[in-house]
Amino acid sequence: MKQQRLILCRSQSEAMVLSRTLSKCGINGKLTRPPRSKKVRSCSWAIDIDSREAEQAEDCLQQAEIPRDIWCWEDCDDLSG
């Protein structure tokens with residue numbers, strides 16, 4: 001069974017930028033709304049990726065110089081990295 005991991009963003013537009021960036025690195029993600037959380041504002045969006053691609057996704061976003069205050073993993077404390 002495939003395991004999923006969420007990359008959280010504060011807005012749909014930020015999630016779309018990350019999704020396009022990941023796609024250029026060969027990582028197919030699905031834009032989705034994350035479960036409600038006290039940690040992340042309710043207007044947040046997420047990119048759902050295969051958990052086996054998590055390390056590659058993080059490297060891809062770092063190489064694209066996407067700041068960590070734009071995104072975090074679903075198990076983060078906040079969106080400030």
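Heads up: numbering here begins at 1 and tracks the sequence. Values below: every heavy atom of this structure, side chains too, minus hydrogens, waters and symmetry copies.
Other residues, nucleotides and ligands place no more than 12 heavy atoms under 6.0 Å from the CG atom of Asn28.
Checked by atom type and distance alone, the side chain of Ser19 never pairs as donor or acceptor with a backbone atom of Ala15 at under 3.5 Å. A donor-acceptor pair under 3.5 Å is absent between the side-chain atoms of Thr32 and the main chain of Ala46, judged by distance alone. With Glu14 contributing its side chain and Arg10 its backbone, the two residues share a donor-acceptor pair below 3.5 Å. Between the side chain of Gln12 and the backbone N or O of Leu31 there is no donor-acceptor pair closer than 3.5 Å.
The shortest non-hydrogen separation linking Cys9 to Trp71 is SG-CB, 4.4 Å. Minimum interatomic distance between Glu74 and Leu8 (heavy atoms only, all atoms of both residues): CA-CD1, 3.8 Å. Considering all non-hydrogen atoms of both residues, Ile49 and Gly29 come closest at CG2-CA, 4.0 Å.
The CG atom of Leu61 sits 6.5 Å away from the OG1 atom of Thr21 when rounded to the nearest 0.5 Å. If you take CG on Leu6 and NZ on Lys30, they are separated by 10.5 Å, rounding to the nearest 0.5 Å. In this structure, CZ in Arg33 is found 14.5 Å from CG in Asp48, a value given to the nearest 0.5 Å. Interatomic distance, Glu53 CD to Cys60 SG, rounded to the nearest 0.5 Å: 10.5 Å.
Residues Glu58 and Arg68 form a side-chain contact, since some pair of their non-hydrogen atoms from C-beta on lies under 4.5 Å apart. With a 4.5 Å cut-off on side-chain heavy atoms, Ile7 and Cys72 do not count as touching.
A cation-pi arrangement is present between Arg5 and Trp73 under the rule of less than 6.0 angstrom and at most 45 degrees off the ring axis.
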